[in-house]
Amino acid sequence: MEHYNKQELLDKRYLRMARIWAENSYCVRRQVGAIIVKDSMIISDGFNGTPSGFENICEDEDGVTKPYVLHAEANAITKVARSNNSSDGSTLYVTASPCLECSKLIIQSGIKRVVYNELYRITDGIDLLKRAGIECVHIESLK
């Protein structure tokens, strides 16, 4: 039982860090943060936003998210791909449950566990992760 409590404490701690990292996002509608942890080390991080070199404006004049905005998970995964680290066997902490597109990237990057805070209204991403045998942990309260 003690191992479970320790893991839950760590999960909440890393999720709080992801939530703080989300504050870097310039997106108005929703700020999302992600952290990838492997062997007790943070190997990557990301938040939702426009690609490198683009203006830091995520929504158009009507408040609709621009189609080229990257999700936090995609930013964290592509960031680790450019480093000397491997996400194989790691855990992804993300402030909102992954969408279908990000879930495909998560599966292909070898991430084995996803811990998320907010459950997004469309659950097809979580459904796909579970189908792929990836452990999905929903933590509502970060206290």
Side-chain angles (χ1 to χ4, degrees), residues 3-4 6-143:
H3 171 73
Y4 169 76
K6 185 179 179 189
Q7 186 61 59
E8 188 179 14
L9 282 171
L10 282 172
D11 286 347
K12 288 181 177 183
R13 198 168 288 152
Y14 283 125
L15 262 182
R16 286 195 304 269
M17 291 172 79
R19 190 171 62 190
I20 289 167
W21 202 243
E23 294 172 12
N24 287 316
S25 172
Y26 287 91
C27 296
V28 176
R29 287 184 65 208
R30 168 178 280 191
Q31 293 180 312
V32 180
I35 289 175
I36 300 176
V37 176
K38 184 176 178 178
D39 301 326
S40 303
M41 288 188 328
I42 297 171
I43 61 167
S44 191
D45 52 59
F47 51 87
N48 57 327
T50 56
S52 299
F54 283 63
E55 75 292 340
N56 287 321
I57 301 167
C58 298
E59 293 86 10
D60 63 20
E61 307 79 36
D62 299 321
V64 177
T65 301
K66 294 178 181 176
Y68 52 85
V69 167
L70 287 150
H71 289 183
E73 307 93 312
N75 270 325
I77 290 167
T78 53
K79 190 173 181 179
V80 80
R82 292 178 67 176
S83 74
N84 292 326
N85 285 312
S86 166
S87 54
D88 202 33
S90 65
T91 298
L92 171 73
Y93 293 90
V94 61
T95 57
S97 58
C99 71
L100 188 62
E101 292 302 313
C102 287
S103 292
K104 291 189 243 178
L105 293 175
I106 290 165
I107 293 164
Q108 292 301 92
S109 66
I111 291 168
K112 293 297 174 216
R113 197 165 170 267
V114 175
V115 181
Y116 61 95
N117 182 214
E118 270 179 65
L119 179 61
Y120 190 62
R121 60 184 169 81
I122 302 167
T123 61
D124 53 359
I126 292 293
D127 298 340
L128 185 69
L129 292 173
K130 288 178 180 173
R131 185 174 161 197
I134 294 171
E135 181 186 353
C136 296
V137 180
H138 182 201
I139 296 180
E140 292 184 59
S141 171
L142 298 184
K143 292 180 177 147

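One is the number of the first residue; the rest follow in order along the sequence.
Under the rule for a salt bridge (charged side-chain N to carboxylate O under 4.0 Å, His left out), the partners of R113 that lie at least two apart in sequence or sit in another chain are D11, E135. Checked against side-chain hydrogen bond (donor to acceptor under 3.5 Å, both in side chains), R13 has no partners two or more places apart in sequence or in another chain. Taking K104 as the reference, E101 meet the salt bridge (charged side-chain N to carboxylate O under 4.0 Å, His left out) condition, with sequence neighbours excluded. Residues satisfying the side-chain hydrogen bond (donor to acceptor under 3.5 Å, both in side chains) test with D45, not counting sequence neighbours, are W21, K79. In this structure N84 satisfies the side-chain contact (heavy atoms from CB on, under 4.5 Å) test with no other residue, sequence neighbours excluded. Residues that satisfy the ring-ring contact (aromatic ring centres under 6.0 Å, His included) test with F54, not counting sequence neighbours, are Y68. Here I57 pairs with E55, K66 under the side-chain contact (heavy atoms from CB on, under 4.5 Å) rule; sequence neighbours left out. The side-chain contact (heavy atoms from CB on, under 4.5 Å) check on L119 picks up S97, Y116, T123, H138, with sequence neighbours excluded.
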In sequence, state the C-alpha distance, the side-chain angles, and the governing distance for V37 and L10, and then conclude on side-chain contact (heavy atoms from CB on, under 4.5 Å).
-> CA-CA 11 Å; V37 176; L10 282 172; over 6 Å; no
Would you check, one step at a time, whether the test side-chain contact (heavy atoms from CB on, under 4.5 Å) holds for I126 with K130?
-> CA-CA 6 Å; I126 292 293; K130 288 178 180 173; 3.6 Å; yes
Report the C-alpha separation of I42 and M17 in whole Å, then their side-chain angles, then the decisive distance to 0.1 Å, and conclude whether the side-chain contact (heavy atoms from CB on, under 4.5 Å) test is met.
-> CA-CA 10 Å; I42 297 171; M17 291 172 79; 3.3 Å; yes
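The distance from the NZ atom of K112 to the CD1 atom of I107 is 9.5 Å, given to the nearest 0.5 Å. Summarising the geometry, atom OG1 belonging to T50 is positioned 10.5 Å from atom CD belonging to E59; distances are rounded to the nearest 0.5 Å. Atoms NZ and CD, on K12 and Q7 in that order, are 12.5 Å from each other to the nearest 0.5 Å. Here I20 contributes atom CD1 and L15 contributes atom CG; the two are 11.5 Å apart, rounded to the nearest 0.5 Å. To the nearest 0.5 Å, atoms OG (S103) and CG (D127) are separated by 9.0 Å.
The two atoms that bring F47 and N75 nearest to each other are O-ND2, 2.7 Å, heavy atoms only. In terms of heavy atoms, I111 sits closest to I134 at O-CD1, 3.5 Å. Taking every heavy atom of both residues into account, A22 and G33 meet most closely at CB-N, 3.3 Å.
Within the structure, every pair that satisfies the ring pair (Phe, Tyr, Trp, His ring centres under 6.0 Å) test and touches residues 86-107, not counting sequence neighbours, is listed here: Y14-Y93. For residues 24-43, the salt bridge (Lys or Arg N to Asp or Glu O under 4.0 Å) pairs, not counting sequence neighbours, are R30-E118. Listed by first and then second residue, the disulfide (SG to SG under 2.5 Å) pairs that reach into residues 73-140 come to none, sequence neighbours excluded. Among residue pairs with one or both ends in residues 40-71, those qualifying as disulfide (SG to SG under 2.5 Å) are C27-C58; sequence neighbours excluded.
Partner E73 forms a side-chain contact (heavy atoms from CB on, under 4.5 Å) with one of L92, N48, T78 and no other, that one being L92. Screening S90, S86, S44, S109 for a side-chain contact (heavy atoms from CB on, under 4.5 Å) with V80, the sole residue that qualifies is S44.
In this structure, S25 and V32 have side chains that are not in contact, with every pair of non-hydrogen atoms separated by 4.5 Å or more.
With 3.5 Å as the limit, one finds no donor-acceptor pair spanning the side chains of T95 and N117.
Proximity of a side-chain donor or acceptor of D60 to a complementary backbone N or O of D62 within less than 3.5 Å is detected.
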